[in-house]
Amino acid sequence: MATATGPGRARSGRGRGFGPTIAVAQAFLVLWAVISILPLLWAVVSSLKSDPEIVADPWSLPASLRWENFVRAWETASIGTYFGNTVLVVGGGVALTLLLSAMAAYVLARFEFRLKSALYYFFIAGMTFPVFMALVPLFFVVQNLGLGNSLPGLILVYTAYSLPFSVFFLVAFFRTLPEEIAEAAKLDGCGETAIFFKIMLPMAKPGLISVGIFNFIGQWNQYLIPLVLVNDDSKFVLTQGLANLAVEQGYAGDRSGLFAGLTIAMAPILIVYALLQGRVQAGMTAGALK
């Protein structure tokens, strides 16, 4: 009887021991979610109010939905121009980053050659290098290439900035893919280029989506690099435009227009992550299996 009940008591004791820990963890997560969501909701609600309503009671709901705030921010405050520039730069940067990092990661994961480890750790070292330490030489390099104050220059810099993490992430993912499929394709006469683009790259889709979302968020929120490399108002990205708008609209008293511009800037990130968060988790889990 004692031997039968002892383990049961031990198991129940462990369950009771973990109960308070789980409750505290869940309470912390709920608190963190509230702290993260409230500022976003406040910005969205404020974007639909008038300036007197924002000043009189910042926490109240709008008496009526003022969609004209978004029209004013999009057209008068040039948010539409900044948004288009950002879509172009981030779209090009993410696409080029995925292409180059996938090719580099595939070679590092599947082939043996001299200096392979050195090249891999060179990419890893790039993740530890603070970008602000390279801003001055980066500015002169971009200027000497004739790409200063241009959107193509930003695309190339964003790509270089994102490559180290992307290669590090995708090397681990490519190592989990079955080698037997590539060997079978070789027996059928496929070259390495065809194997990569037609077989291995489609199989790596979950990992590419995951790293693509991370790069999209990081590049969309980038402020320091465009601030240094671009000084033409017509080529500003959203982060620069919002910073200028905060100063200009702050003096003009157009707070509702400022909140509308902020809502426009953060909407794509929230939508993309909400739609693809399941794929992000799947990609990260698959990359950690091996």
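By convention here, the first residue in the shown sequence is residue 1.
- One distance of note links NZ of K205 with CZ of F173; it measures 11.5 Å at 0.5 Å rounding.
- How far CG of N215 is from CD of Q222: 11.5 Å, rounded to the nearest 0.5 Å.
- Between atom NZ of residue K116 and atom CD of residue E112 there is a gap of 3.5 Å, rounded to the nearest 0.5 Å.
- Tracing side-chain contacts under 4.5 Å through hydrophobic residues (I, L, V, M, F, W, Y), one reaches Y121 starting from L119; they form part of the same cluster.
- Taking hydrophobic clusters as Ile, Leu, Val, Met, Phe, Trp and Tyr residues chained together by side-chain heavy-atom distances below 4.5 Å, F70 shares a cluster with I271.
- In this structure, CZ in F139 is found 9.5 Å from CG in N144, a value given to the nearest 0.5 Å.
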### Task
Please assess I54 against F259 for the test side chain to side chain contact (heavy atoms under 4.5 Å, CB included), listing each intermediate value before the final yes or no.
CA-CA 10 Å; I54 295 175; F259 279 113; 4.0 Å; yes
### Task
Evaluate the side chain to side chain contact (heavy atoms under 4.5 Å, CB included) criterion for residues L145 and L156: first the C-alpha distance (whole Å), next the side-chain angles of each, then the deciding distance (0.1 Å), finally the verdict.
CA-CA 11 Å; L145 291 175; L156 293 178; 5.9 Å; no
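- Within the hydrophobic cluster formed by Ile, Leu, Val, Met, Phe, Trp and Tyr side chains joined at under 4.5 Å, directly or through other members, I35 is accompanied by L31.
- When side chains are defined from C-beta on, L108 does not count as touching L170, because their heavy atoms never get closer than 4.5 Å.
- Within 6.0 Å of atom CZ in F28, 12 or fewer heavy atoms from other residues, nucleotides or ligands are found, so the atom counts as exposed in its surroundings.
- Taking each heavy atom of V44 and T263 in turn, the nearest pair found is CA-OG1, 3.8 Å.
- In this structure, the side chains of L224 and F132 come closer than 4.5 Å at one or more pairs of heavy atoms.
- The two atoms that bring P58 and S46 nearest to each other are O-OG, 4.4 Å, heavy atoms only.
- Applying the side-chain contact (heavy atoms from CB on, under 4.5 Å) test to D233 and every residue at least two apart in sequence or in another chain returns F236.
- Residue S256 is tested with K49, E53, R72 for a side-chain hydrogen bond (donor to acceptor under 3.5 Å, both in side chains); the sole match is R72.
- Taking each heavy atom of P268 and W220 in turn, the nearest pair found is CG-CZ2, 3.6 Å.
- Side-chain contact between F123 and S166 is absent, with no heavy-atom pair separated by less than 4.5 Å.
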Enumerate donor-acceptor pairs with a distance under 3.5 Å from any side-chain N or O in residues 188-202 to protein atoms, sequence neighbours excluded.
unit_1 : atom_1 : unit_2 : atom_2 : d
E192   : OE2    : K186   : NZ     : 3.1

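- Counting only distance, with no hydrogens or angles, the side chain of N231 and the backbone of N149 share no donor-acceptor pair below 3.5 Å.
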### Task
Let me see the working for Q219 and T97 under side chain to side chain contact (heavy atoms under 4.5 Å, CB included), right down to the final yes or no.
CA-CA 11 Å; Q219 294 182 16; T97 298; 3.7 Å; yes
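- With a 6.0 Å radius and a threshold of 12 heavy atoms from other residues, nucleotides or ligands, F216 has its CZ atom above the threshold.
- To the nearest 0.5 Å, atom CD1 of residue I124 and atom OG of residue S117 are 11.5 Å apart.
- Between W59 and W42, the two ring planes are tilted [angle within 30° to 60°].
- Nearest heavy-atom pair, A77 versus L245, reported as atom, atom and distance to 0.1 Å: CB-CD1, 3.4 Å.
- Separating the CD1 atom in I269 from the CD1 atom in I213 is a distance of 12.0 Å, to the nearest 0.5 Å.
- For F129, the CZ atom is densely surrounded, since the number of other residues' heavy atoms within 6.0 Å is greater than 12.
- L41 and L29 fall into different hydrophobic clusters, defined by Ile, Leu, Val, Met, Phe, Trp and Tyr side-chain heavy atoms under 4.5 Å apart, directly or through other members.
- Residues passing the side-chain contact (heavy atoms from CB on, under 4.5 Å) test with W74 are I79, F83, I264, sequence neighbours excluded.
- Taking Ile, Leu, Val, Met, Phe, Trp and Tyr as hydrophobic and joining them when side-chain heavy atoms fall under 4.5 Å apart, one finds V45 in a cluster with L61.
- Tracing side-chain contacts under 4.5 Å through hydrophobic residues (I, L, V, M, F, W, Y), one never reaches L100 starting from F122; they form parts of separate clusters.
- Here the closest heavy-atom approach between residue L238 and residue T86 is recorded as N-OG1, 2.8 Å.
- Across every non-hydrogen atom of F169 and G207, the tightest pair is CE2-O, 3.7 Å.
- V272 and M266 fall into different hydrophobic clusters, defined by Ile, Leu, Val, Met, Phe, Trp and Tyr side-chain heavy atoms under 4.5 Å apart, directly or through other members.
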### Message
For V237 and V230: C-alpha separation, side-chain torsions, deciding distance, then whether side chain to side chain contact (heavy atoms under 4.5 Å, CB included) applies.
### Response
CA-CA 9 Å; V237 294; V230 176; over 6 Å; no
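- Residue F140 qualifies as open at atom CZ: its count of foreign heavy atoms under 6.0 Å is 12 or below.
- L40 is listed as a side-chain neighbour of L270, based on a closest heavy-atom distance under 4.5 Å.
- The number of heavy atoms from other shown groups lying within 6.0 Å of OH (Y120) is above 12.
- The hydrophobic cluster containing L227, built from Ile/Leu/Val/Met/Phe/Trp/Tyr side-chain heavy atoms closer than 4.5 Å, also comprises Y223.
- In this structure, R110 and L177 have side chains that are in contact, with non-hydrogen atoms separated by less than 4.5 Å.
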